[in-house]
There are 2 protein chains.
Amino acid sequence: MTPKTQADRAHLQLREKILSGELAPGMKLRVEHLRDMLEIGASPLREALSRLTSEGLVVLEGQRGFRVAPISLDELKDVSRIRKLLEGEAVRIAIQNGDEAWEAAIVSAFYRLEKAETRMAEGEADFTEWEKRNREFHDAIVSAANSPWLQRLRSLVYDQHERYRRLSKRQMGRLRDVQREHREILDAVLARDVEAAVEASCRHIDNTVTGLVKLYADREGVDSGAGADGETASLVKA
Amino acid sequence: MTPKTQADRAHLQLREKILSGELAPGMKLRVEHLRDMLEIGASPLREALSRLTSEGLVVLEGQRGFRVAPISLDELKDVSRIRKLLEGEAVRIAIQNGDEAWEAAIVSAFYRLEKAETRMAEGEADFTEWEKRNREFHDAIVSAANSPWLQRLRSLVYDQHERYRRLSKRQMGRLRDVQREHREILDAVLARDVEAAVEASCRHIDNTVTGLVKLYADREGVDSGAGADGETASLVKA
DNA sequence: GTTGCAAAAAATATCGATAAAAATTACTTC
DNA sequence: GAAGTAATTTTTATCGATATTTTTTGCAAC
């Protein structure tokens with residue numbers, strides 16, 4: 001899983017910095033600056049930025065360089081709607097195809113996620129680990145959907161969604177609910193109840209979104225992470 | 001619509017060559033060779049290849065260079081299934097949102113498509129034009145689905161599907177049926193009958209697929225376009 | 001005849017520098 | 001004083017060349 005090429009490394013590092021908000025939405029990405037930051041040449045850096053552009057985390061305007069993809073309330077709603085569509089379908093297929101090993105992997109991922117949640121509630125762990133395990137749990141469920149393209153698109157949209165989630169650190173007031181939602185999904189999946197599982201998944205996404213929307217509506221903007229220079233885009237006007 | 005940068009140009013040219021089959025599936029893409037072919041430097045070329053990789057038209061293996069994405073019967077089925085999912089949802093939303101100008105644009109695109117079909121049946125035009133207008137017709141329908149992400153993903157999958165279609169030039173034996181199918185979609189859309197339109201769209205895709213599957217099953221492989229060097233991947237074993 | 005290793009060849013990935021374009025600044029003119 | 005224009009500066013996009021890595025070729029040993 002270790003990056004084999006310089007471009008891979010830059011891609012991973014930039015992706016993490018964007019998802020975490022260290023590179024704030026709308027921020028200008030100056031090549032020279034990033035070169036120093038990542039200690040890398042111009043060619044692999046541009047290659048990494050190109051990939052991120054295809055993934056929708058970076059935008060490239062004509063001959064005016066790269067910048068971090070802006071965020072907006074509209075896009076959050078859009079991303080969520082599409083994520084429901086893809087995740088729902090993935091769950092549907094996965095339940096039809098999954099075997100016992102698949103069930104076991106889900107249970108295992110759920111266990112690790114719960115642990116992380118507990119640890120976080122006690123202030124022992126950070127969000128990064130929770131995000132990682134949350135992704136692993138959801139990945140485990142849809143892993144049985146033997147549809148490479150669905151996986152691929154779902155992963156793309158999941159990244160977008162994760163970004164919005166991570167941009168608001170205060171999300172975790174609702175931790176208890178999230179835990180319950182995850183259990184609902186788990187139960188429905190293990191019971192092989194397709195419709196219940198799809199519904200629970202969509203509800204899970206909806207809840208996250210309404211939480212975020214409320215949060216954003218309250219403060220009319222996002223706190224930019226550790227963005228050094230470059231303007232920070234407001235969520236509502238972006 | 002004219003490419004502003006060298007990387008853009010290379011991206012467009014390569015994309016067209018891959019979709020048309022001039023660069024055959026599985027074929028090795030030697031940088032030096034492409035440099036001469038497109039008269040371009042290494043950096044923008046790699047940038048273009050990176051984008052195509054993100055779009056799934058090119059694959060990049062570790063440190064062993066690029067090659068044209070292989071094709072397979074399984075992937076054709078996968079792409080079609082996902083395309084039905086996305087196209088169906090897009091039609092659903094578009095019908096809800098579309099206004100009169102939208103309807104007019106669809107009728108116009110349909111008219112041009114029919115013209116092209118007639119002209120092609122008389123041997124006056126080539127597939128390239130038909131493909132273009134076919135895409136424009138389907139684009140016109142979903143253009144009212146104000147969901148950037150759905151549009152984006154749909155476009156990605158459409159490209160994949162188009163590639164499989166164009167790799168088999170003999171597809172057009174079923175031209176009459178295709179024409180009728182397009183009319184069915186048109187009628188259902190204009191009548192604002194969501195379910196009928198979605199069903200017609202999915203049936204349309206299904207028909208294309210079964211046609212292609214039959215074709216591929218018959219000859220157990222694909223005729224590679226004008227692929228110069230590099231091995232051609234067989235469809236079934238790839 | 002095949003297997004293993006070493007050297008050569010080829011191709012990829014990367015760097016440093018240059019050319020082209022956009023943004024900024026300063027200046028002139030009304 | 002504002003607006004338009006020309007020159008400067010900054011930044012991007014591109015090129016040519018180099019260093020790694022992979023693949024091929026050749027040779028020797030079993």
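What you see is a predicted model, and the numbers here were worked out from it, not measured in a lab. Below, chains carry the letters A, B, ... as their sequence lines are ordered, and counting in each starts from 1.
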Indicate, with a heavy-atom threshold strictly under 4.0 Å, whether B:Leu45 touches base, sugar-phosphate, or nothing.
nothing
Which part of the nucleic acid does A:Thr5 contact within heavy-atom distance under 4.0 Å: base, sugar-phosphate only, or nothing?
sugar-phosphate
Could you check which of C:dT14, D:dC15, D:dT14 has an atom nearest any side-chain atom of B:Ala7?
D:dT14
Taking any heavy-atom pair under 4.0 Å as a contact, classify A:Leu29: base, sugar-phosphate, or nothing.
sugar-phosphate
Pair A:Glu131 + A:Arg166, salt bridge at N-O below 4.0 Å:
no
Phosphate OP1/OP2 of D:dT12 contacted by A:Lys28 side-chain N/O (<4.0 Å)
yes
So that I can tick it off, tell me whether B:Arg165 and B:Glu162 are bridged by a salt bridge, with the cut-off set at under 4.0 angstrom between side-chain N and carboxylate O.
no
Reading DNA chain D from 5' onward, which residue's closest nucleotide shows up sooner: A:Leu60 or A:Lys4?
A:Leu60
Is there a side-chain contact between B:Arg30 and the phosphate of C:dA11, meaning an N or O under 4.0 Å from OP1 or OP2?
yes
Positive for side chain to side chain contact (heavy atoms under 4.5 Å, CB included) with B:Arg112, one of B:Glu129, B:Lys132, B:Glu117, B:Arg133:
B:Arg133
By nearest heavy atom, map A:Gln63 and A:Ser43 onto DNA chain C; which one lands nearer the 5' end?
A:Ser43
Charged N-O contact under 4.0 Å between B:Arg135 and B:Asp159:
yes
Looking only at side-chain atoms of B:Pro44, point me to the closest of D:dT14, C:dA23, C:dT12.
D:dT14
